[in-house]
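This report refers to the structure that appears directly beneath it.
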Amino acid sequence: MIHNNNITALILLLCSTISIAACNNDKKKEVQGKQVSSYTTTADESKIFDVAMIDFDQETSLDANIILDTTIKHQTMDGFGVAITGSSCYNLLQMSSQNRTAILKETFHPRQGMAYSYIRISIGCSDFSLDEYTCCDIPPIDNFEIHQLDKRDLFPILREIKAINPNVKIIASPWTCPKWMKVDNLKDLQAFDSWTSGQLNPKYYQDYATYFVNFIQEMSKEGFPINAITIQNEPLNRGNSASLFMTWQEQKEFIKTALGPKFTEASLDTEIWAFDHNYDYDAHKDDCKDQIAYPLRIYEDQEAAQYISGAAYHAYGGNVGEMLRVHEQRPDKGLIFTEMSIGLWGSGYTFANDLLWNMREVCIGSINNFCKAVIMWNYMLDEKHGPDRPGGCDICLGAIDIQSSDYASIKKNSHYYTMAHLSKVIDPNAIRIGSHHSLDSGIHYSAFINPDQSYAIVLLNDNDMDKEIVFTDNNQSFRQIVEAKSVVSYRWSR
């Protein structure tokens, strides 16, 4: 005979079991209802930013190759993008307005496009401008004015980009100071009337600091806030079409005696980034042998270091491991990557080789060495590699190349897609997180948690064979066969 209280207990147990089963089924339905967005580009170009949706496994996998660990947090990301040079602006403005808007929207729109979030511009000319100029070619500094070529070409392109992505960040770099501020060397101090090489005359430190302040203020008035500046593009390169040689000793003195105080006086929150050149500090050159560890030498001076956000790098020489070395010595200072071009030097350009090298060494490589931003050089050139300046690079390719015969036919090169693989899934202010893995060699990746709490992974399979990889965030898992010689980006919600 079953008593009433036993019947009640059985009913409660049965209801509880049904409730748990229903809850588990609901969880399975929830997992099945969510998917991982993936984007794949293969070196053989059989897939170019191919979009697919991946289902989660019904149970969390115990055999995961990559396990995310949100308890480990590294650097906060600033963004990813490309240089908008004078040449890029010129080519864009030759396009029909409809075609131009379409390609800019595809590149910069934060949802409908590739979500590029950071651009680099020059203060005055670069080696990809239509002429040599600065913002104050006639002394004194009171004659400062944004150059007419920038007003004509750069301003309309920046306005269109900002309309598409109002939050895009801008970093600005000079290729040279005004010529009237130059001397041949710091011993003789003779005037040096040349766009190429020369050094900044110390007596013009204050004027040149005012030059930066004026540029930032004038650009802000036009609706283009400058988030950051570097003090000199490639300060150890004397040979560009427009250039200025600036040692760490000079940069240190300029920062602490002029630039930093002027920024403070003007209440500017624009970041100052030091160096902006190669990992090897061009130490093979006789006049650069004492320039090793350039930013670290500046950081040793506390007066200068207080004004500096960190150091910027290029990858035309040396190894990306230099970033880690600098980070380990000064973890309080940031790192960004501001320039790498593709071109016809060496064995020439191929989509396959550069896609893989660039993703391994520059993109994932720099990020895993604590870099906060990655910017490529440069956005759009024509089929003749220009317009370019004599003495600059005449064999560079753009992230996008356009035919000058019609200014409509375009080809997107590897740089376009390496940046897209980052910017599409990693939002500004995402945090690089830790992970644990059991992977074959040739698999390179980096993992993130976005401000909206979604996860992102960018992965390179540099092997000659496909690899099955199982991913988990400890709550949900998914698996994919990653094709040989391919880049894949993933994003999913928690």
(message) Main chain of Q98, side chain of T101: is a donor-acceptor contact present, judged purely on distance under 3.5 Å?
(response) no
(message) For the residue pair S88 / N378, report whether a side-chain donor-acceptor contact shorter than 3.5 Å exists.
(response) yes
(message) Does either side chain, that of T230 or that of S173, offer a donor lying less than 3.5 Å from an acceptor on the other one?
(response) yes
(message) Hydrogens and angles aside, do T134 and H147 bring a side-chain donor and acceptor to less than 3.5 Å of each other?
(response) no
(message) Quick check for you: to the nearest 0.5 Å, what is the distance between Q75 atom CD and I433 atom CD1?
(response) 11.5 Å
(request) Report yes or no: do S243 and E234 form a side-chain donor-acceptor pair below 3.5 Å? (result) no
(request) State plainly whether the residues R330 and E300 are in salt-bridge range, i.e. N to O under 4.0 Å. (result) no
(request) Identify the heavy atoms of S414 and L355 that sit nearest to each other, and give their distance. (result) CB-N, 3.8 Å
(message) Less than 6.0 angstrom separating the ring centers of Y490 and Y39, yes or no?
(response) no
(message) Any heavy-atom pair between the side chains of K252 and T257 that's under 4.5 Å?
(response) no
(request) Could you label the plane-to-plane angle of the F370 and H327 rings as parallel, tilted or perpendicular, counting under 30° as parallel and over 60° as perpendicular? (result) parallel
(request) Could you verify whether a donor N or O on one side chain and an acceptor N or O on the other, from R120 and N233, lie under 3.5 Å apart? (result) yes
(message) Please determine whether a side-chain nitrogen of the Lys or Arg among D287 and R238 lies less than 4.0 Å from a carboxylate oxygen of the Asp or Glu.
(response) yes
(message) Can you classify the ring geometry of Y416 versus Y116 as parallel (below 30°), tilted (30 to 60°) or perpendicular (above 60°)?
(response) tilted
(request) Kindly state whether the ring of F263 and the ring of F212 have centres lying under 6.0 angstrom apart. (result) no
(request) May I ask you to say whether D427 pairs ionically with R491, meaning some side-chain N is under 4.0 Å from a carboxylate O? (result) yes
(message) Can a side-chain donor-acceptor contact be found between E250 and Q199 if the only test is distance below 3.5 angstrom?
(response) yes
(message) Under the criterion side chain to side chain contact (heavy atoms under 4.5 Å, CB included), I'd like the reasoning laid out for L268 against K262: C-alpha separation, chi angles, the key distance, then a yes or no.
(response) CA-CA 9 Å; L268 297 180; K262 288 279 188 181; over 6 Å; no
(message) Hydrogens and angles aside, do S446 and N368 bring a side-chain donor and acceptor to less than 3.5 Å of each other?
(response) yes
(message) Are Y455 and F448, when compared by the centres of their aromatic rings, separated by less than 6.0 Å?
(response) no
(message) So if I apply the side chain to side chain donor-acceptor pair (under 3.5 Å) rule between D301 and each of Q249, K256, Q306, which one comes out positive?
(response) K256
(request) Would you please classify the geometry between the F275 ring and the Y281 ring as parallel, tilted or perpendicular, with 30° and 60° separating the classes? (result) tilted
(request) Identify the two heavy atoms, one from T41 and one from I48, that lie closest to each other, and give their separation to 0.1 Å. (result) OG1-C, 4.0 Å
(message) Closer than 4.0 angstrom, basic N to acidic O: yes or no for K485 and D44?
(response) no
(message) Can you confirm whether K182 sits close enough to Y204 that some side-chain heavy atom of one is under 4.5 Å from a side-chain heavy atom of the other?
(response) no
(request) Taking the side chain as every heavy atom from C-beta outward, state whether D290 and R297 have any pair of such atoms under 4.5 Å apart. (result) no
(request) Work out which heavy atom in S366 is nearest to a heavy atom in M323; give both atom names and the distance. (result) CB-SD, 3.8 Å
(request) Tell me yes or no: between the side chains of N413 and D401, is some donor less than 3.5 Å from an acceptor? (result) yes
(request) Evaluate side chain to side chain contact (heavy atoms under 4.5 Å, CB included) for L200 paired with M181, printing each intermediate quantity in order. (result) CA-CA 6 Å; L200 178 63; M181 296 185 184; 3.9 Å; yes
(request) For side chain to side chain contact (heavy atoms under 4.5 Å, CB included), just list the numbers for N91 and M95, CA-CA rounded to whole Å, side-chain angles, deciding distance to a tenth of an Å, and then say yes or no. (result) CA-CA 7 Å; N91 288 325; M95 301 176 75; over 6 Å; no
(request) Look up atom CD in E322 and atom CG in L335, then write down how far apart they are to the nearest 0.5 Å. (result) 9.5 Å
(request) Look at the rings of Y316 and W345 and say which category their plane angle falls in: under 30° parallel, 30 to 60° tilted, over 60° perpendicular. (result) perpendicular
(request) Scan side-chain atoms only and decide if K384 and S404 contain a donor-acceptor pair under the 3.5 Å cut-off. (result) yes
(request) Report the distance from atom CG of N201 to atom CG of L186, rounding to the nearest 0.5 Å. (result) 8.0 Å
(request) Run the ring-centre check on Y313 versus F337 and record whether the distance is less than 6.0 Å. (result) no
(request) Using a strict cut-off of less than 4.0 Å between a Lys/Arg side-chain nitrogen and an Asp/Glu carboxylate oxygen, indicate whether K412 and E106 qualify as a salt bridge. (result) yes
(request) Check whether the ring centres of Y211 and F144 lie less than 6.0 Å apart, and answer yes or no. (result) yes
(message) Could you report the tightest heavy-atom contact between N99 and A408, atom names first, then the distance?
(response) ND2-CB, 4.1 Å
(request) Identify the heavy atoms of S194 and K179 that sit nearest to each other, and give their distance. (result) C-CD, 3.6 Å
(message) For W180 and C136: C-alpha separation, side-chain torsions, deciding distance, then whether side chain to side chain contact (heavy atoms under 4.5 Å, CB included) applies.
(response) CA-CA 9 Å; W180 54 270; C136 191; 3.9 Å; yes
(message) Under a plain distance cut-off of 3.5 Å, with no hydrogens placed, do Y133 and D150 share a side-chain donor-acceptor pair?
(response) yes
(message) Is any side-chain heavy atom of L296 closer than 4.5 Å to one of R325?
(response) yes
(message) Pairing donors with acceptors under 3.5 angstrom, does anything connect the side chains of S37 and K424?
(response) no
(message) Pairing donors with acceptors under 3.5 angstrom, does anything connect the side chains of D207 and T210?
(response) no
(request) Measure across A315 and N278 and return the closest heavy-atom pair with its distance rounded to 0.1 Å. (result) N-OD1, 4.1 Å
(message) Side chains of H415 and D354 only: does a donor on one sit below 3.5 Å from an acceptor on the other?
(response) yes
(message) Can you confirm whether more than 12 heavy atoms, excluding those of I292, are under 6.0 Å from its CD1 atom?
(response) yes
(request) Determine whether more than 12 heavy atoms belonging to other residues, nucleotides or ligands lie under 6.0 Å from atom CD of Q453. (result) yes
(request) Establish, from distance only, whether the side-chain atoms of H314 and D276 form a donor-acceptor pair under 3.5 Å. (result) yes
(request) Tell me, yes or no, whether the heavy-atom count around K151 atom NZ, taken from other residues, nucleotides or ligands under 6.0 Å, exceeds 12. (result) yes
(request) Keeping to residues at least two apart or across chains, list the disulfide (SG to SG under 2.5 Å) pairs with something in residues 389-429. (result) C393-C396
